[in-house]
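In what follows, a structure is listed as structure tokens, so that the remarks can point back to it.
Quick caveat, the model's predicted, so the values are computed rather than measured. In the text below, chain A, chain B and the rest are named by the order of the sequence lines, each starting its count at 1. Values below: every heavy atom of this structure, side chains too, minus hydrogens, waters and symmetry copies.
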Amino acid sequence: MTTKQATPPEASYRQPFYKRVLGVTELGVFAAVAVFFVAFTLADKSMANPANLARMALQGSFLGLAAFAMSFLMIAGEIDLSSGGTAGLSAAVAGVLMMNFGWPEWASCTAALAAAVLVGLLNAFITLKVHMPSFFATLGTSFLVSGLAIWILKGAWFYVADQIPALLKVLNPSPLFALPWIFIALLMAYLVGDFLMRTSRLGPTLMAVGGNRRAAEIVGINVPLVKTLCFVFVSVCCGLAGILVMAYSGTTDASIGDGWLLWVIAIAIIGGGSLQGGTGSIIGAFFGTVLIQIIRMGLLNANVQTNAQGIVIGVILIVAASLDVLRRKSIQY
Amino acid sequence: MTDVVTNKRIEAGAADRQPLLEAKGISKAFGHVQALDNVDFELYPAEVVALIGDNGAGKSTLVKILSGIYRKDSGQIYFEGQPVELRGPKDAERLAGISTVYQDLALVDVRDVGSNIFLNMESTRWGIFINFRRLYADARRVIDLLKIDMPSVRVNVGELSGGQRQGVAISRALARGRRIFIMDEPTAALGVEQQHKVNELIANLKREGKTVLVISHNLEHVFTVADRLIVLRRGKRVGTRLKSQTTKEEIVGLITAAVKGDVPD
């Protein structure tokens with residue numbers, strides 16, 4: 001087979017160097033993690049203190065778990081605004097079953113995760129069968145599940161710390177730099193998830209579903225099934241995160257997931273995700289979680305007023321997102 | 001009610017070959033509008049056929065029936081002489097090897113050429129990990145077969161020109177073993193140079209023994225690529241001409257009814 005002169009042989013083809021560097025989705029967030037960590041450590045030595053790092057790892061794991069699942073869903077072109085509500089609902093279900101009905105720990109948590117699965121199926125049903133954009137569908141279920149959590153708890157809150165010995169173990173430090181077990185597990189999940197996205201058929205499938213739905217359909221991918229699995233995965237991870245927050249705080253109340261939503265989406269986007277779907281990075285969301293955690297902890301240590309933290313984080317987010325837009329443009333023809 | 005004239009002309013061009021795909025007496029109505037009225041249709045191996053006609057002549061209805069999107073009211077479709085029932089696009093692909101390349105091409109812009117061609121049929125190691133080396137080598141082979149200008153099969157499809165994108169969409173269908181390629185207005189959104197690329201692409205498909213059905217308004221383009229022209233007018237097949245035996249004037253006349261068709265209106 002002879003090819004035309006205009007076509008250079010495959011082996012000699014290489015992207016220019018700057019494109020290969022700028023083409024790394026996680027470049028920006030990784031650089032930001034490094035810059036902010038160094039800056040905050042220079043400002044206050046306690047930042048790099050091992051005890052401080054372990055505490056950050058523990059506190060960041062809950063959002064990190066939700067953001068992990070959310071980045072898959074966003075690559076598949078959908079979004080779940082009910083993540084915080086689902087976390088609250090799971091915690092409420094687990095708490096009520098343990099305290100009011102005397103269920104054992106494992107049964108209560110299983111039931112709580114089952115409730116989360118139902119939320120995911122409901123999100124998928126409204127989005128895929130009623131054909132409503134997931135932005136609106138999950139906005140609705142967000143109110144619904146938050147309301148359910150409040151209704152289940154009847155405005156009360158429970159002290160559950162004595163009932164959950166197994167869950168508390170997950171939060172204990174591991175032998176590895178005293179980082180908590182939950183963080184180690186989450187890091188493994190991120191690494192495996194990212195690896196599978198790059199090497200298995202998971203990546204092409206999710207990116208096709210989110211990048212061009214018609215293309216996915218033409219080649220025979222079951223688009224509704226893929227999206228449904230992603231919705232359920234997000235809900236289960238959020239439900240699990242809610243249960244873990246309950247274990248961490250020792251109490252159940254309906255407001256466990258309040259304010260999660262914006263953090264989770266911010267993390268996924270900082271990590272390289274896109275609201276249009278099709279692109280994103282799993283490991284990028286990990287760095288996004290780390291970045292958010294560093295900034296929150298750094299501002300706290302630097303004695304920035306709690307009232308002013310939102311302003312600082314907002315500015316950082318906008319600057320980070322703008323730089324990423326520039327990066328993407330610079331590598332396009 | 002196949003008319004003598006039409007048959008003679010087909011036989012002149014297609015010798016004694018059996019049609020790859022044949023449709024007989026296809027009718028389709030939308031409410032009171034008879035979009036297709038007892039239309040016969042046939043495609044032979046390794047030929048390029050242009051389906052032409054004015055807006056509302058029934059071109060897209062016929063194509064959508066062949067690609068399984070619409071159900072016909074009556075008539076029968078045969079693939080290699082065997083009757084087939086096309087209940088959906090998947091049937092058209094699997095039972096009749098028909099692949100439709102739509103105007104929007106339906107490519108994943110954020111993935112590279114190789115990944116698009118073999119999307120959802122990637123060969124894997126241990127059933128899990130994609131064998132990328134093999135995938136790119138296979139992709140290169142398909143691209144070279146069609147002589148598509150492509151610096152690398154690792155370039156994202158979003159960075160390609162219109163002609164190259166057509167090439168990727170065709171390669172994707174070719175890799176799936178399709179034998180009939182329906183191209184809907186393939187040159188509509190392309191510049192002159194890119195149109196040439198698409199013409200070459202069609203010629204290369206034919207050389208590989210594939211059948212191409214082009215739906216086009218562009219008579220210039222049709223006369224460049226097609227072997228045979230089928231003219232529809234108001235739901236009827238009014239003429240079939242070999243390119244070598246007709247003129248643009250005659251075809252325009254058939255489209256606009258200035259020339260009397262082979263069947264009564």
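More than 12 non-hydrogen atoms from other residues, nucleotides or ligands lie less than 6.0 angstrom from CZ of B:Phe223. Within 6.0 Å of the CZ atom in B:Phe30, the count of heavy atoms belonging to other residues, nucleotides or ligands exceeds 12. The environment of CZ in B:Phe132 is crowded: more than 12 heavy-atom neighbours from other residues, nucleotides or ligands sit within 6.0 Å.
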Evaluate side-chain contact (heavy atoms from CB on, under 4.5 Å) for A:Val219 paired with B:Met121, printing each intermediate quantity in order. CA-CA 8 Å; A:Val219 300; B:Met121 55 180 285; over 6 Å; no
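For A:Arg198, the part lying under 4.5 angstrom from a heavy atom of chain B is the backbone only. For A:Leu196, the part lying under 4.5 angstrom from a heavy atom of chain B is the side chain only. Proximity to chain A is absent for every atom of B:Arg125, based on heavy atoms less than 4.5 angstrom apart. Heavy atoms closer than 4.5 Å to chain A are found in the side chain of B:Thr124, but not in its backbone. Both the backbone and the side chain of B:Ile128 come within less than 4.5 Å of a heavy atom of chain A. Within the 4.5 angstrom heavy-atom criterion, no atom of B:Arg141 approaches chain A.
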Tabulate below the donor-acceptor pairs under 3.5 Å that side-chain atoms of residues 68-83 of chain A make, not counting sequence neighbours, or state none.
unit_1  : atom_1 : unit_2   : atom_2 : d
A:Ser71 : OG     : A:Ala67  : O      : 3.1
A:Ser71 : OG     : A:Phe68  : O      : 2.7
A:Glu78 : OE1    : A:Ser134 : OG     : 2.6
A:Glu78 : OE2    : A:Lys227 : NZ     : 2.8
A:Asp80 : OD1    : A:Ser82  : N      : 2.8
A:Asp80 : OD1    : A:Ser82  : OG     : 2.6
A:Ser82 : OG     : A:Asn123 : ND2    : 3.2

Distance-only check: which donor-acceptor pairs under 3.5 Å involve side-chain atoms of residues 91-100 of chain B, not counting sequence neighbours?
unit_1  : atom_1 : unit_2   : atom_2 : d
B:Asp91 : OD2    : B:Arg87  : N      : 2.8
B:Glu93 : OE1    : B:Arg178 : NE     : 3.1
B:Glu93 : OE1    : B:Arg178 : NH2    : 2.7

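Closest non-hydrogen pair, A:Ala215 versus B:Ala106, comes out as CB-O, 3.0 Å.
The residue among B:Val110, B:Leu107, B:Val108, B:Ile130 with the most heavy atom pairs within less than 4.5 Å of chain A is B:Ile130. Ranked by heavy-atom pairs under 4.5 Å with chain B, the list A:Arg214, A:Arg213, A:Glu217 is led by A:Arg214.
A donor-acceptor pair under 3.5 Å is formed between the side chain of A:Arg201 and the backbone N or O of B:Asn120.
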